[in-house]
Q: 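Okay, here's the structure, questions in a sec.
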Amino acid sequence: MSSDEKPSAPRSLAEALRARDDASLAALLRARPDLVTPVPTDLTQLATRAGTRASVVRALEHLDRFTLQTAEALAVAAEPAAYEELLGLMAGDARDAAVVAALPGAVAVLREQALLWGDDDRLRLVRTARELLAPSPQHPSPTGLGPSVREATAGMSPGRIQEIVTAAGLASTHDSVSAVTALASLFSDRRRMGALLAEAPAESLEVLERLVWGPPYGQVTADPAARLRWLLDRGLLLPTAPGTVVMPREVALHLRGGHAHRAPEPVPPAVEAAAARRPQVVDAAAAGQAYTALATVEELLKDWDEGGPAVLRAGGLSQRDLKRTAVALDLSEPMAAFWVELAYAAGLIASDGEADERYAATPFFDEWVERPPAERWVLLAQAWLAGTRTPGLIGGRDAKERTLSALGPGLDRSAAPEVRRRVLTLLAGLPEGTAPTAESVLARLAWERPLRGPQRDDDLRSRLARWTLSEAELLGITGRGALSSQARALLGAAAHPHGPATDRGTGSPQDAGSPQGVGSAQGMGSTHGVGFPQGPGDKLPFHHHAVPAHGAGLLSPAERADASAAAVRLLAPLLPEPLDHVLLQADLTAVAPGPLHRPLADVLGVLADVESKGGATVYRFTPGSVRRALDAGRTASDLHAFLAEHSRTPVPQPLTYLIDDVARRHGHLRVGAASAYVRCDDDAMLNEILADKRAAALRLRRLAPTVLAAQADPAALLDGLRAMGFAPAAESAEGDVLITRADAHRSPPRTAPEPVPEGPPVPDGTLLSAAIRAIRAGDLASTAPRKPAEDAIAQAPGALPRTSPADTLATMQAAVLTGEAVWIGYVNAEGSASQRVIAPVRVEGGFVTAYDHTADEVRTYPLHRITGVAELADDEA
């Protein structure tokens, strides 16, 4: 029985959507969230929006390779196409078993996402999708197929068509339409087409072989060679423009054995293992990287503690400041840029907003640094997972050929969170301790989200995936290339050990059944990983709103909190415990064999200079570092007591002498503010200073036996005397020694930068339920049959009902008595017009109170805002 004889067969996409249940509509709106913003008024508007070019392009970009190949095959099939025809195009004459098994799932995905509608005997792509995917001279089909015989001969003269039909061995016809039909039938008949090609010269077959997989167009001269003439005479090549010929689609499909694609890919490529290690080794390596990440971020923020680099006028960090930061961190510039961006994404640094704008730590840094190390790492990992800023782009150029700088504009890429999430989900699908090959990860991602058009190795998603693998290792998400246990917990992989379904057509229960299953979501999941926690729970202040995977479910807030807590529990035992001691050595160095307690590290950072970092940090004591501690208000006895308390080895005598010697000379010279002056009780020392040639730039002169005046400011005078080997101290106007303890510079309270979303966010369950109710109610109002009023004002089909005020009032009062529903047109206070189905309950005082079927609630409407009213037909009332 044909679909025309089936009363239930949909005649449009709107009718197909009308036949769906609420769960299926929810799946559509979840897979294509742009359709629900704003909420459509009815299913007809939803269908119209689903067919717009922007929405269809977005939906096609989120299909996996096999589902996209299925859509491409439908675009070159007949309109409408039977499922068997589509199966032939995808599986070929040999009926590839893997394609046969996977095709129902692909069709279900296309149907669920409203890119395809109709029963299996009348499958139709939405018009916009067919226009985007169908072949044309300007936009060849990804299948490599050209136009059909009917399309290629559209402008050909009837006489020429009859000549081709006769040369192909067919009987001439009385009209071009039947001739073209006969020729297309010949090319589509495997047996007759094989007999025709058996007569072809070998050189002619070689021409066909070069065109068979595309592009199907070729160039010919005004006087074609014999091998081309044989093909042109029989319509195996047809002219499309002067000097250009094309191979008809039917000819190519015969030569391809019925395949629309050279290589259908029904099964996603597997992620291959590069190495397998014990999970404990992986976790330990990742924990070591996590500790290094925390230390690096802390060191960066300490370097910027008194005020960081200036903000460029166009925003961002200058190349010079990035290079200086890289030197301070002992890292390469790209790595320094990554840590700067990560600290920014976590809300630890921001612009101070002053007139002389500089970067500085935020007040949240002081809170963050006091948290347990595992919690601090979770916040950094969450910021990286959710952030759309892409450090790998730094140093490149934007569309206007401007250099992209760290912390500057133009670094947001909305696809970054999804790619990171998906890469890590693929790693989570491997056995614990297994590291994948980068090439297999890239191949899998290319299958899950293929580029429409020529494939490139440098496309953004491939670069994002490569950066994800390297950045995950830096951050301690992975260890030796394998996903760590703490990262699995953070991703929620413990709750979703295998991620979404990816093996369509491999015998799983969800793949079984008829190809027309509407509710199946399989095939979508292969493109997206499980959700990841957006914030580490109540303990952490920032909750980044990451862009959810297209059509994928995210963890609930409770699951996010549990995942974060689990990651903290797993990581905490693997991080080294802070130490309360160092090992002093005779060469004026101190070795910290591990991380130090914060008070100890802060004091030691002032008293000594860091000489080398790693598993053990080496500090070196110098006259300058000791003087720095004395300038900060410490006394020599304080320093001796501090070292004796925190050293597991005896305090070396050279270090004791160094501290005493610097302390003895410290403050012997006093520098104060006049312009600037130097005073000292030892006039011999002042004579020594005046005699030193290095003091010439200070332009000193003696005011008194114990006082020198300088034509330099106090800071320059202090630096100059220290460069000459003296140890001066600054003093106040009252003559007291000034303590020059560094003051931390903080920006005003700032929130972490919000990720730039990739399109509208996936609606939550509450919004979906409300949207579907509104769409259903609006559809009821727009499709309910109405009784035409005898004296109704003439109106165009589909317009709001219009009746006189008296008729409107009379109809409402009658509906109250009978309890029947009516159809009204209503204009609200903002001037927005709508149509509604209401059941009036009371009419009084110029208002009608009614149960509004559209809003699913009782409402009151002013009668003067009702444009008109019509009774519903008897079978719908």
Side-chain angles (χ1 to χ4, degrees), residues 13-14 16-40 43 45-71 74 104-117 125-126 128-129 132-133 268 414-415 417-418 421-422 425 447-450 452 496 499-502 504 510-511 515-531 546-554 757-772 775:
L13 177 59
L17 295 178
R18 202 163 281 125
R20 294 191 179 192
D21 57 18
D22 287 355
S24 180
L25 283 179
L28 168 62
L29 298 180
R30 194 177 293 111
R32 298 176 63 178
D34 57 297
L35 300 182
V36 78
T37 309
V39 176
L43 288 168
Q45 188 180 90
L46 176 62
T48 302
R49 192 178 297 173
T52 58
R53 183 180 181 87
S55 182
V56 170
V57 168
R58 181 184 295 275
L60 292 176
E61 288 176 347
H62 286 80
L63 297 177
D64 63 51
R65 179 164 292 163
F66 184 69
T67 307
L68 183 59
Q69 286 180 330
T70 302
L74 280 166
V107 171
V109 171
L110 292 173
R111 186 181 275 119
E112 181 184 77
Q113 297 201 20
L115 295 170
L116 171 70
W117 60 276
L125 270 183
V126 295
T128 307
L132 289 168
L133 300 176
S414 56
E418 181 199 344
R421 193 165 50 241
R422 186 57 191 147
T425 302
W447 184 92
E448 293 178 347
R449 189 70 65 80
R452 290 179 53 235
H496 308 276
T502 59
R504 295 180 318 196
Q510 66 178 358
D511 296 322
Q516 69 261 25
V518 174
S520 171
Q522 66 189 40
M524 293 169 54
S526 60
T527 311
H528 320 292
V530 297
V547 183
H550 191 85
L554 295 176
E758 185 181 21
V762 175
D764 58 24
T766 303
L767 176 58
L768 279 178
S769 298
I772 291 172
I775 293 171

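Bear in mind the structure is a predicted one, so any value in this text is a computation, not a measurement. For the single chain, residues carry numbers from 1 onward in sequence order.
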Q: Evaluate the side-chain proximity of Arg422 to Arg449: yes if any heavy-atom separation is below 4.5 Å, no if none is.
A: no
Q: Between the side chain of Arg20 and the main-chain N/O of Glu112, is any donor-acceptor distance below 3.5 Å?
A: yes
Q: Quick check: closest heavy atoms across Glu448 and Pro450, and the distance to 0.1 Å?
A: C-CD, 3.7 Å
Q: Please give me the minimum heavy-atom distance between Ala114 and Leu13, naming the atom from each residue.
A: O-CD2, 4.0 Å
Q: Do the side chains of Leu115 and Arg32 get nearer than 4.5 Å, heavy atoms only?
A: yes
Q: Before giving the answer on side-chain contact (heavy atoms from CB on, under 4.5 Å), spell out for Gln113 and His62 the whole-Å C-alpha distance, their side-chain angles and the decisive distance to 0.1 Å.
A: CA-CA 10 Å; Gln113 297 201 20; His62 286 80; 5.6 Å; no
Q: Closest heavy-atom contact between Val126 and Trp117?
A: CG1-CD1, 4.3 Å
Q: How close do Ala106 and Thr67 get, heavy atom to heavy atom, and via which atoms?
A: O-CG2, 3.8 Å
Q: Which heavy-atom pair separates Val762 from Pro33 by the least distance, and what is that distance?
A: CA-CB, 4.1 Å
Q: Side-chain contact, heavy-atom cut-off 4.5 Å: Leu116 with Thr70?
A: no
Q: Can you see which heavy atom on Pro40 is nearest to which on Val36, and at what distance?
A: CD-CA, 4.3 Å
Q: If you round to the nearest 0.5 Å, how far is CD of Gln69 from CG of Leu133?
A: 12.0 Å
Q: Of the options Thr52, Leu60, Val57, Val56, which is the one that meets Thr128 in a side chain to side chain contact (heavy atoms under 4.5 Å, CB included)?
A: Val56
Q: Roughly how far, to the nearest 0.5 Å, is the CG atom of Leu35 from the CZ atom of Arg30?
A: 13.0 Å
Q: Please examine the side chains of Val107 and Leu74, heavy atoms only from C-beta on, and report whether any two atoms are closer than 4.5 Å.
A: no
Q: Could you walk me through whether Leu767 and Leu29 pass side-chain contact (heavy atoms from CB on, under 4.5 Å), step by step?
A: CA-CA 10 Å; Leu767 176 58; Leu29 298 180; over 6 Å; no
Q: If we only count heavy atoms from C-beta on, is the Arg53 to Leu132 side-chain gap below 4.5 Å?
A: yes
Q: Give the intermediate values and the outcome of side-chain contact (heavy atoms from CB on, under 4.5 Å) for residues Val109 and Asp64.
A: CA-CA 10 Å; Val109 171; Asp64 63 51; over 6 Å; no
Q: Within the 3.5 Å criterion, strictly below it, is a donor on Ser55 or Arg49 matched to an acceptor on the partner's side chain?
A: no
Q: In Å, rounded to the nearest 0.5 Å, how long is the span from CG of Asp764 to OG of Ser769?
A: 8.5 Å
